[in-house]
Amino acid sequence: MTLTDIAKVAGVSKMTVSLALRADSSISAAMQQKIRQIAAELDYTPNHMAKGLIHGKSYNLTIMIGGFLHDDYQHQFVKGVIPYALKRGYIVSMVPLERDLELERAMIEKFTRMQTEGFLIFHCGEPSTYAALQKQGVPFVLYTKYFETLDSDYVVCDDYNGAYAMTEYLIDLGHKDIAFVYDSYLEQSSEVKERRMGYIQALRDRELPYKENNLISFNLFSSNEFVASEILENNRTFIDILTGPNRPTALFACNDILASFIYIAVKRLGLTIPDDISVVGYEGVYLGSVIDPPLTTVATPIQEMGRKACQVLLDKIEGILPQSEYVKIRLKPELVIRESAAALTDSSRNSSK
């Protein structure tokens, strides 16, 4: 069964069928649905291997996952990518890197030689790797975080305004002494820097003092194997602040995974959430909804990010968007109010002293 057969049944041109099956916006949604239904009835399967041999294309995309796979953030991103990629006739390979710069370079080189059409990148932090990729003319789209020193296509969350909104929420609950806790490995990563800036600006706009010592580094990297006893041992500064005479009344974790580690540390210190201290997170992964108490967080539209990033990449690959113009998308996050942050009361205020 061929595109010509589908075109005859649908009463349209072969080009219209091709565009419809790739979900091209020039074809109406109704016509796309009609053509997809006819294709299904005729048991049409696109032969991408044959197309690849004819056109010199692999129809393969590669997702480079620089972070750890210990939560469903990357899973949600992939759920946004794969259906869209398949609809446009591409398959997807995934490469877990776990913050390994050497592996990142090696895998990019390997998949480039294997003629991947382009990359979706959750990078490990080294822009020179991607500057070299740009020189080779290989398309890529960064997601979640970008490089400040390298102009490129990216799809991220509006992290500045998301953090601003969360900080305002805590202030409206009566909190004036709010600490921002960040993964030490991610201190210079764009998403954490923007969340930190949003937090600081919200304090200033509400005329609350910004304290440098309320930016607290947390060593999450060495806790990757989830040895709970090591969390306190590897984070003495954090523990000293929480056990000191003037601990913050609220902790704003830079992401939900970090918030879950903070939960463990706080509970091991004999404190309760949110009665003794409020804890909030960022990103909105599944874990936050099942820990106790459920985590108040800023939810990133992760699946939408995956779909958008894939769309930009394919539009670059197929020449719909020019390579010379970079697409920079910031998606709007959403505040998710649960049970881990509470209004500041006299008792909780006193317990922090």
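All values below were derived from every heavy atom in this structure, side-chain atoms included, with hydrogens, water molecules and symmetry-related copies excluded.
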Taking 4.0 angstrom as the limit, do [X] and [Y] come out as a salt bridge?
X    : Y    : answer
K193 : E148 : yes
E304 : R307 : no
E283 : R195 : yes
D177 : K211 : yes
K145 : D159 : no
D315 : R88  : yes

Take atom [atom1] in [X]; do more than 12 heavy atoms of anything else shown fall under 6.0 Å from it?
X    : atom1 : result
K308 : NZ    : no
K332 : NZ    : no
K110 : NZ    : no
M15  : CE    : no
Y210 : OH    : yes

Self-check item: Stepwise side chain to side chain donor-acceptor pair (under 3.5 Å) check, Y130 with E104
Solution: CA-CA 10 Å; Y130 297 100; E104 181 179 39; 2.4 Å; yes
Quiz item: Does the gap between the ring centers of F218 and Y182 come in under 6.0 Å?
Solution: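 That pair fails the under 6.0 Å test.
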Quiz prompt | Heavy-atom donor-acceptor pair, D24 side chain to A20 backbone, under 3.5 Å | solution =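 Such a contact is absent between D24 side chain and A20 backbone.
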Quiz item: So, S189 side chain and V192 main chain: donor-acceptor pair closer than 3.5 Å or not?
Solution: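 Judged by distance alone, no pair lies under 3.5 Å.
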Side chains of [X] and [Y]: do they bring a donor and an acceptor to under 3.5 Å?
X    : Y    : result
T237 : D240 : no
E194 : Y146 : yes
Y73  : T144 : yes

Quiz item: Any chain of hydrophobic side-chain contacts (each under 4.5 Å) joining L150 to V141?
Solution: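 No, because L150 and V141 fall into different hydrophobic clusters, even though each may have its own neighbours under 4.5 Å.
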Quiz item: Given Y143, which of Y154, F119, F77 fulfils the ring-ring contact (aromatic ring centres under 6.0 Å, His included) condition?
Solution: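 Result: among Y154, F119, F77, F77 is the only option passing the ring-ring contact (aromatic ring centres under 6.0 Å, His included) with Y143.
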Quiz prompt | Whether Y199 and F252 hold their rings parallel, tilted or perpendicular, with breakpoints at 30° and 60° | solution =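 Taking F252 first and then Y199, their aromatic rings stand perpendicular (interplane angle over 60°).
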